[in-house]
Amino acid sequence: MPGNPPFRLYNTLTRRKERFVPLREGEVRMYTCGPTVYDYAHIGNFRAYVFADLLRRFLKYLGYRVVQVMNITDVDDKTIRRSRELGISLREYTRRYERAFFEDIERLNIERAEHYPRATEHIPEMVALIQRLLQKGYAYRGEDGSIYFDISKFKDYGKLSRLKIKELKPGARVRQDEYAKEEARDFALWKAWSEEDGEVYWDTPLGKGRPGWHIECSAMSMRYLGETLDIHAGGVDLIFPHHENEIAQSEAATGKTFVRYWVHNEHLLVEGRKMSKRYGNFYTLRDLLAKGHDALAIRYLLLATHYRRKLNFTFKALEDATRAVERLSDFAARLESYSAGAQKPTKLSRHVEHARREFESALCDDLDAPRALAAVFRLVREANRAMGRGEASMEDVKAVKRFFADFNRIFAVVRERRGELPPELMKLIREREEARKRRDFATADALREELLRHGIAVEDTPRGTRWRWRK
RNA sequence: GCCGGGGUAGUCUAGAGGUGAGGCGGCGGACUGCAGAUCCGCUUUACGUGAGUUCAAAUCUCACCCCCGGCUCCA
């Protein structure tokens, strides 16, 4: 897009903001670490998905074709254990949470990725990748029959997390030695079947067992995006060991760069504390919606802090976000109902251009959403002022609408108008206006109450009565 | 132990040498029959503390205080 500053992204690999240029012109291939479907996802998880969504939407705004893959991890220790506890099949168990996941992301206005591969449906790809690693001498079979990646063979090991293997905390490695690994840091590519796996196993050339966790992302991303991808996104906690291991497996197998830009979102804190399932201080999206909170406000809250900063989730902040979303939504409604005689652009049109430049340069600077939002709100004030005074021309309003629509294509936080007004409600509005003309305010107020019960808020302005949908 | 991120007005968030910060809240005002939405003004010349560099520091340097995270399943 000419005129834009270059899009720069912070690459965890280099620890610098880098100009983003995809490998293939006009197309971005990105992979996002998706959910392990063993429970309802919590809002911390959604920060990662909402962030990836912002990234993909902005790339599209910049004119790229985006091919995004998000894995569904539907086999691991937890899913196996819990499905067995419930006495149902792994598939039945994981599909339940997979469905919930898709419901949740829809509530949050997260665009669908192009592919959602399930781990259980890509066993052959994983087996093939592991065989390649065995052939090349990067993997070995342990005494328990499992297959491990030998990190000592991969000299770049640690380049992403910048951890030196020797310096890792002593306590952590001792505990790991219960496995039949040659080196405590080696990780499993293939786990040989054991008692607690029950009927969950695959008979493959590697033996009877199931894949390790890390291998699925390498195998599935290569299957859908090729051996080198542009962007790989995920939470900071995945940098080590998961992403480090992905690099090791993938690059050892292909000899090529696996990922060109690694992007990681920071964690979310709840009332100042790390949120995790272990602490039990987590909220699922369902929890919050059940308490009456608005999905768009949650989305807004997740986007209103820069993605590389810790986000402190509090209910006060959620209330604030709710109001901010209302302000934007009210503004959108006002744009729709505004009319003026003047056609020629006024200085408001210049404000729109200015806001757009600010907006774009903020997002181009490593997706600085808070700065982009500030530009939007500044314009909202300018436009409200101009419309309030009747100074805005129709040309201005068109320009504002275009910008606002683009803004919302990226942020997706403005409440949609819920279609046209039913005729019977339109009739009530007219009756109320007549009552007001007669100065029969008792009737007018009663009608206003009634409309509100139907979700319609009416407002009297110097230029006549306006109505809008209320949530 | 080894790495790393922060502390910005009432509050939450941007900014990272000079160019109007934004949201939310509070108070007052304009508009209105009332309400709401909106606008204006105030809260507000804010940057953890102490030194230093500089014509200029929230931004750079050093020291210190406080909070949080990674090194282990985790977004």
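To find a chain, count down the sequence lines: A is the first, B the second, and so on, and within it residues start at 1.
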Give a yes/no answer on whether the side chain of [X] brings an N or O atom under 4.0 Å of OP1 or OP2 in [N].
X	N	value
A:R323	B:rG25	yes
A:R381	B:rC40	yes
A:R327	B:rC39	yes

Pull out every residue in residues 301-313 of chain A that has a heavy atom closer than 4.0 Å to any atom of RNA chain B, ordered by number, or say none. A:A304, A:T305, A:H306, A:R309, A:K310, A:N312
What does [X] touch in the nucleic acid at a heavy-atom separation under 4.0 angstrom: a base, only the sugar-phosphate, or nothing?
X	value
A:G234	sugar-phosphate
A:I239	nothing
A:R47	nothing
A:H243	nothing
A:F377	sugar-phosphate
A:V376	nothing
A:D445	base

Measure from the side-chain heavy atoms of [X] and tell me the nearest of [options].
X	options	result
A:P370	B:rA14, B:rG33, B:rC73	B:rA14
A:E459	B:rA37, B:rA21, B:rC39	B:rA37
A:R432	B:rC71, B:rC34, B:rC40	B:rC34
A:N384	B:rU38, B:rG20, B:rA75	B:rU38
A:D460	B:rC34, B:rU11, B:rC73	B:rC34
A:P241	B:rA35, B:rA14, B:rC73	B:rC73
A:A48	B:rA35, B:rA75, B:rG22	B:rA75
A:R448	B:rG15, B:rC34, B:rC24	B:rC34

Taking atom P of B:rG69 as reference, at what distance in whole Å does atom CG of A:L269 sit? 7 Å
In whole angstroms, the gap separating C1' of B:rA37 from CH2 of A:W467 amounts to 15 Å
A:Y148 and A:F187: ring pair (Phe, Tyr, Trp, His ring centres under 6.0 Å), yes or no, with the steps? CA-CA 5 Å; A:Y148 297 96; A:F187 58 91; 8.9 Å; no
Is it true that A:T346 and A:E391 share a donor-acceptor pair across their side chains at a distance under 3.5 Å? no
Residue pair A:Y10 / A:D366: nearest heavy atoms and the distance that separates them: N-OD1, 3.0 Å
Are A:R327 and A:F377 in a cation-pi setup, meaning NZ or CZ lies under 6.0 angstrom from the ring centre and within 45 degrees of the ring axis? no
Axial cation check for A:F359 ring with A:R378, 6.0 Å and 45° limits: no
Below 3.5 Å, does any donor atom in the side chain of A:R436 face an acceptor in the base of B:rG33, or the other way round? yes
Could you run through RNA chain B and flag its stems, i.e. three or more consecutive Watson-Crick or G-U pairs with both distances under 3.5 Å? B:1-7 with B:65-71, B:10-13 with B:21-24, B:25-30 with B:38-43, B:48-52 with B:60-64
